[in-house]
2 protein chains.
Amino acid sequence: MATGRTHRPATRSRGIPEATVARLPLYLRALTALSERSVPTVSSEELAAAAGVNSAKLRKDFSYLGSYGTRGVGYDVEYLVYQISRELGLTQDWPVVIVGIGNLGAALANYGGFASRGFRVAALIDADPAMAGKPVAGIAVQHTDQLEAIIRDNGVSIGVIATPAGAAQQVCDRLVAAGVTSILNFAPTVLTVPDGVDVRKVDLSIELQILAFHEQRKAGEETGPETGPSAPVAPTTAAAAAAAAAADRKGPDGDVPAVMPA
Amino acid sequence: MATGRTHRPATRSRGIPEATVARLPLYLRALTALSERSVPTVSSEELAAAAGVNSAKLRKDFSYLGSYGTRGVGYDVEYLVYQISRELGLTQDWPVVIVGIGNLGAALANYGGFASRGFRVAALIDADPAMAGKPVAGIAVQHTDQLEAIIRDNGVSIGVIATPAGAAQQVCDRLVAAGVTSILNFAPTVLTVPDGVDVRKVDLSIELQILAFHEQRKAGEETGPETGPSAPVAPTTAAAAAAAAAADRKGPDGDVPAVMPA
DNA sequence: GACTGTGAAATTCTTCACAGCA
DNA sequence: TGCTGTGAAGAATTTCACAGTC
């Protein structure tokens with residue numbers, strides 16, 4: 001994912017496997033739900049069911065964090081919430097900026113889960129001058145010109161990119177230059193970043209395509225190969241490709257005005 | 001993921017690894033961009049760079065599809081676009097319904113990548129009677145009452161859930177009962193589905209938490225353990241947990257009832 | 001007796017390195 | 001010569017199964 005070097009020093013220091021890290025938020029969510037219901041302890045079996053994984057995997061995952069359970073009893077919910085939160089770095093406050101306030105950016109700004117789990121929306125940034133000053137989710141949108149100042153003034157290290165694909169790399173470069181070292185990318189583009197910067201991407205179109213693959217397979221099993229569940233279309237390859245590429249250029253929000261050549 | 005049996009009978013030929021399937025959309029996107037620029041052929045090295053993977057992996061991935069390249073030359077762009085599209089089931093038309101037309105649902109409806117890559121938004125569905133009839137992305141929102149009829153009339157097999165977490169399982173059950181067999185879930189909940197139904201989830205909060213984990217580690221490497229990049233907060237564990245759980249219940253869009261101030 | 005923690009086996013995924021073909 | 005296709009090695013992840021502890 002990163003660049004050049006011998007991959008990343010990555011999951012080395014504490015030795016928590018990446019796959020485990022990716023599941024910790026899942027466990028945390030299930031645990032907070034239990035905590036809310038004042039459930040004092042859970043077994044690996046119960047918690048695993050709530051998190052949608054199997055219990056052996058969960059126990060193995062927790063074993064990387066330490067021995068936080070009690071044999072014959074289970075895990076103390078509150079204690080485990082704390083330990084996982086700490087491990088994930090959620091006991092501190094992470095200021096986040098969202099760049100590109102189209103439909104998606106607005107949805108993200110309004111997303112309750114942001115504000116409450118250690119993340120604070122420090123600023124909303126858009127390239128459209130007409131957006132400047134408008135309140136979205138109670139926060140006034142600021143112009144892209146302010147990007148570097150906002151990052152530095154707020155000590156922002158996490159940036160969310162919800163711009164059209166065409167603007168994403170440029171925005172990314174500016175974020176990184178200003179000091180951001182983690183990026184969540186919603187634009188359908190591969191971002192190039194220097195070593196030491198983490199990028200995670202969320203791509204709606206990709207997820208749907210993966211579903212389509214499995215869906216097609218199901219259909220094929222029932223009715224034989226090459227049979228679709230609905231009106232088969234078979235568009236001209238070139239035309240479809242062009243349309244898809246054009247759509248990508250519009251960005252996650254379609255043609256909604258967002259950040260553009262600043 | 002699905003059946004209790006020995007998983008898939010692995011119908012001889014088609015043994016494409018899941019990891020490979022997940023990358024095909026990435027290759028497809030890079031290829032469509034090349035196709036648009038009328039580039040006739042690419043080497044594995046070039047295409048891999050464009051897709052953000054390494055070339056050995058790409059060649060291995062393609063080897064599961066067949067031998068579509070030419071030694072000493074590379075891959076024919078158009079041909080590969082077609083082959084991957086076919087493999088992913090994108091040469092047919094997939095009607096999709098989006099349930100939950102809040103900020104996020106509206107963003108999804110407006111997402112250009114949906115419409116152009118084999119997916120067609122067949123309907124937008126919301127539980128709020130006030131939303132019924134309102135046009136979002138050019139499509140009139142329909143009430144949840146119509147869900148089953150819509151699914152059946154349109155032969156929908158893929159559903160997108162963008163409702164609050166509390167409604168997600170119920171919506172999921174109805175979708176599945178009506179015939180949907182693939183679900184893309186944006187609600188921060190684990191969905192339970194019968195065998196044969198695929199669920200993929202997209203969770204903004206989880207992605208951010210994973211970034212925070214790595215971010216924390218970076219900070220720790222520089223300045224020693226337990227040092228934050230910003231104002232450390234250390235909230236009461238129980239309070240934080242309750243707040244987080246409460247936020248989840250509000251759903252991906254927070255508590256905003258409907259479409260943004262368009 | 002119940003349930004965790006964990007070596008070891010099994011499986012999946014990635015990378016290497018080179019044979020083989022245009 | 002240049003680049004694909006792929007066995008084989010290596011790494012990561014998942015699962016098994018059971019010893020250990022409360």
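Predicted model only: the values in this text are computed from it and were never measured. Chain letters run A, B, ... following the sequence lines, proteins first, then strands; residues in each count from 1. Heavy-atom basis, side chains included; hydrogens, waters and symmetry copies ignored.
Within the 6.0 Å centre-distance limit, the rings of A/Y79 and A/Y68 are counted as a close aromatic pair.
In terms of phosphate contacts, A/R59 brings no side-chain nitrogen or oxygen within less than 4.0 Å of OP1 or OP2 of D/dT14. Taking side-chain N and O atoms only, A/S44 has a distance below 4.0 Å to OP1 or OP2 of C/dT4. Note on A/Y75: every side-chain N or O is 4.0 Å or more away from OP1 and OP2 of D/dC22. Phosphate contact (OP1/OP2 of D/dT14, side-chain N/O of A/N54, threshold under 4.0 Å): absent.
Distance CD (B/E45) to P (C/dC16): 12 Å, rounded to an integer number of Å. Regarding B/I16, its CD1 atom lies at a distance of 15 Å from the P atom of C/dT12, rounded to whole Å.
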Practice problem: For the pair B/S44 and B/R59, evaluate side chain to side chain donor-acceptor pair (under 3.5 Å) and give the outcome as yes or no after the intermediate values. | Solution: CA-CA 6 Å; B/S44 62; B/R59 287 200 303 278; 3.1 Å; yes
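Residue A/R71 places its side chain closer to D/dT21 than to any other of C/dC16, C/dT14, D/dT21. Comparing C/dC13, D/dT14, C/dC18 by their closest approach to the side chain of A/A19 singles out D/dT14. Taking every side-chain heavy atom of A/K57 into account, D/dT15 is the closest of D/dT15, C/dC16, D/dC22. Nearest nucleotide to the side chain of A/R23, out of D/dT14, D/dT15, C/dT6: D/dT14. Among D/dT15, D/dC3, D/dT14, the nucleotide with an atom closest to any side-chain atom of B/S43 is D/dC3. Listed nucleotides C/dC3, C/dA8, D/dT6 differ in distance to A/K60; the shortest reach to its side chain belongs to C/dA8.
When A/L80, A/D61, A/L65 are each tested for a side chain to side chain contact (heavy atoms under 4.5 Å, CB included) with A/Y27, only one passes: A/D61.
In terms of position along DNA chain C, the nucleotide closest to A/G72 lies nearer the 5' end than the nucleotide closest to the other residue of the pair A/D61 and A/G72.
With axes fitted over five pairs at each extremity, the angle between the ends of the helix from C/dG1-D/dC22 to C/dA22-D/dT1 is 10° (10° resolution).
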Side chains of residues 180-191 of chain A: which donor-acceptor partners sit under 3.5 Å, not counting sequence neighbours?
| from | atom 1 | to | atom 2 | distance (Å) |
| --- | --- | --- | --- | --- |
| A/T181 | OG1 | B/E215 | OE1 | 3.0 |
| A/T181 | OG1 | B/E215 | OE2 | 2.4 |
| A/S182 | OG | B/E215 | OE1 | 2.3 |
| A/S182 | OG | B/K218 | NZ | 3.4 |
| A/N185 | OD1 | A/A187 | N | 2.9 |
| A/N185 | ND2 | A/A187 | O | 3.1 |
| A/N185 | ND2 | A/T189 | O | 3.1 |
| A/T189 | OG1 | A/A165 | O | 3.4 |

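A/F62 comes within contact range of no nucleotide atom at all, as no heavy-atom separation falls under 4.0 Å.
Among residues two or more places apart in sequence or in another chain, the salt bridge (Lys or Arg N to Asp or Glu O under 4.0 Å) test is passed with B/R200 by A/E207.
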